[in-house]
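Counting starts at 1 for both ligands and their atoms, in listed order. Starting from 1, each residue takes its place in the sequence as its number.
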Amino acid sequence: MVLAFCLILVFLTGASVGSFLNVAVARLPLEKSLLWPSSRCGNCLQPICWYDNIPILSYLILRGRCRTCSQRYSVGYMFVELATALGFVGLFWIEIVENIHTWPGDQNPEFRLFLFPLESFCGFAWHALLFAFLMVATVCDLRSREIPLQLTLTGTLVGLVGSAFMPWPFPHAVAQISPAPIALPLGAQTWPFWEPLPAWCAQGGNVQTGLVTGVVGALVGTLLLRGIGFVFSAGLGKDALGLGDADLMMMAGAFLGWQLVVVAFFLSVFPALLFGIIQLAIRRDNSLPFGPALSLSVMGTCLAWGQISDPLREFLFNEFILFWVVVFCGAMLFIMSFLLRVIHGNK
Ligand SMILES: [Zn+2]
């Protein structure tokens, strides 16, 4: 009973947030205010009453039309509301009900009655917030091949502020970490920026740890994609990667830290391939937005981090290996893109 009530509440919250995200998707690319004026029909400009603005339901009741002028609205609106609601429920299920990150309170029998610690809920809300930002970026990218800078900059700023308040290993308490941990505890920010932490960060759990983790994450996110875009463009001799994607990863890095951004970038190949095949099948259009694949990969990697990160730990915290991997990958990328240019040039 309690569980069902919680899930319904999370679903309704998600649907309402999704409704607001629709406003963001419609207005951000035009640099309009998100709060004023209230929602209105894009055709007859009549304000939409509150009872016609209920997420999901109103769309179904009015069969996707304006009450005044019967203008047809895109089904995308309802899809965003539904996807956000389901995304929130899924996230809640995985992070709170299943407690996949083994956040504190799990041993407590009351946890199952949803008297879990407020800290765990904050961790979930943190990831739900990132999900909402990524959702807007995805829909904007799908609609106009553009991710508004206003969105990603706001997201990065929010990410940095939150990072200062929820420093790794939050929601774990610092005292729970043994001096030589077998597994690094997963925080809302997945990992700290370095292991072992420098002396001025003590054991983590303080403002400087959280802030530096967020700043390094944002820098690595944007520099990784800009760097790859730069090398690729240099080899290929033309622009290759959108800057919006770099900004998106900057935002994700500010929320989750740099290791996750790097891994999520490499894993995004899989959803990108899948979306590419789908798009080729239905549209025969080869200009592929990368934002949706990146967003999906960021959320997926965040949830799977406990399962996939252990073998990566040795190498992600070793400056010697990191340096040579960057040099090697950079060189390979340049050679590959240069070869592509030669092949294209000879055609
Ligand atoms: Zn209308």
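- Every salt bridge (Lys or Arg N to Asp or Glu O under 4.0 Å) that D247 has, sequence neighbours left out, goes to R226.
- Inspection of the Q189 and S163 side chains reveals an N or O donor paired with an N or O acceptor under 3.5 Å.
- Taking a cut-off of 2.8 Å, the protein N, O or S atoms nearer than that to the Zn ion (ligand 1) are C41 SG, C44 SG, C66 SG, C69 SG.
- Each salt bridge (Lys or Arg N to Asp or Glu O under 4.0 Å) pair with one or both residues in residues 4-25, not counting sequence neighbours, would appear here, but there are none.
- In terms of the side-chain contact (heavy atoms from CB on, under 4.5 Å) criterion, residue partners of Y59 (sequence neighbours excluded) are, by chain and number, Y73, V75, M78.
- Within 6.0 Å of OH on Y77 lie no more than 12 heavy atoms contributed by other residues, nucleotides or ligands.
- When atom types are taken as modelled, the side chain of H127 and the backbone of A188 share a donor-acceptor pair closer than 3.5 angstrom.
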